[in-house]
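Before any comments, here is the structure.
All ligand and atom numbering here is 1-based and tracks the order in the structure.
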Amino acid sequence: MGIRLLSAKIFLIGFMGSGKSSVGRALAQDLGSYFLDTDALIETDVGASVLEIFAHQGEAYFRDKERETAAWIERACSEAVIATGGGLPLAVPNLGHNGRVIFLDLSFEAVLSRMNEEERSKRPLFADPLKAEALFDARHKVYQRLAHHTVNVNQPIDKIIKEIKEFL
Ligand code: S3P
């Protein structure tokens with residue numbers, strides 16, 4: 001694969017439903033790089049869906065898996081675009097030592113309007129929208145603090161990719 005602009009790992013952070021996977025795939029394709037998704041890596045490793053992991057092993061176990069996955073990425077991978085689960089930056093606050101961190105920013109109302117019933121049902125922390133909103137408010141400043149760059153994702157994907165590339 002021809003890696004041109006990329007010279008590091010690029011971590012996409014942000015709340016559930018902010019488009020980390022779709023933006024990540026498009027960005028990786030544009031950069032001629034690989035795309036990784038921490039939720040998918042954990043699901044493959046554990047052999048269960050995120051929903052099942054939360055239900056059977058609990059959230060603390062899932063957060064341990066997130067730390068383990070981030071440590072594996074740090075060791076094993078030098079250049080890639082990585083979509084992180086919405087809670088990963090809290091479990092792994094030193095993400096920025098290990099690559100460029102981009103926060104995909106979107107209002108909670110926009111998150112709600114983008115997520116259909118099926119999307120919500122896959123996310124245990126979205127089961128109660130009121131609790132999800134409180135989580136959103138608490139996390140927003142953390143995402144902002146950890147990010148090297150914040151991009152408003154309430155715009156067409158080509159513009160989002162262009163803005164991220166300009167920052168890189
Ligand atoms: C979580 C976000 C989810 C997934 C898990 C927990 C969170 O990932 O990791 O359900 O704590 O915000 P997405 O952000 O990809 O939905």
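Ring orientation note: the planes of Phe108 and Phe126 are close to parallel, at an angle under 30° on the 30°/60° scale.
The residue from Gly86, Gly14, Gly17 that puts a heavy atom closest to atom 2 (C) of ligand 1 is Gly86. Nearest to atom 10 (O) of ligand 1 by heavy atom, out of Leu125, Asp39, Val50, Thr84, is Val50.
Listed for the Thr84 side chain is a donor-acceptor partner under 3.5 Å among the backbone atoms of Leu12. Judged by distance alone, the side chain of Lys9 and the main-chain N or O of Cys77 form a donor-acceptor pair under 3.5 Å.
By the salt bridge (Lys or Arg N to Asp or Glu O under 4.0 Å) test, Glu163 is found to be paired with no residue, residues two or more places apart in sequence or in another chain being considered. Looking at residues two or more places apart in sequence or on another chain, you find a side-chain hydrogen bond (donor to acceptor under 3.5 Å, both in side chains) between His140 and Asp105.
Annotation: side chain of Ile164 is in contact with side chain of Val23 (closest heavy-atom distance under 4.5 Å).
The residue Glu59 has no part lying near ligand 1, judged by heavy-atom distances below 4.0 Å. By the criterion of a heavy-atom distance under 4.0 Å, neither the backbone nor the side chain of Lys122 is placed next to ligand 1. The part of Arg63 lying near ligand 1 is the side chain, judged by heavy-atom distances below 4.0 Å.
Close approach of ligand 1 to Lys20 (heavy-atom distance below 4.0 Å) involves ligand atoms 13 (P), 14 (O), 15 (O). Of all the atoms in ligand 1, the ones that sit under 4.0 Å from a non-hydrogen atom of Pro124 are 10 (O).
Residue-environment remark: NZ (Lys122) exceeds the threshold of 12 foreign heavy atoms within 6.0 Å.
Scanning all protein heavy atoms for the shortest distance to atom 12 (O) of ligand 1 gives Arg139 NH1, 2.6 Å. Among protein heavy atoms, the minimum distance from atom 16 (O) of ligand 1 is reached at Arg123 NE, 2.6 Å.
Assignment of Phe62 to the shell around ligand 1 is supported, since a heavy atom sits closer than 4.0 Å.
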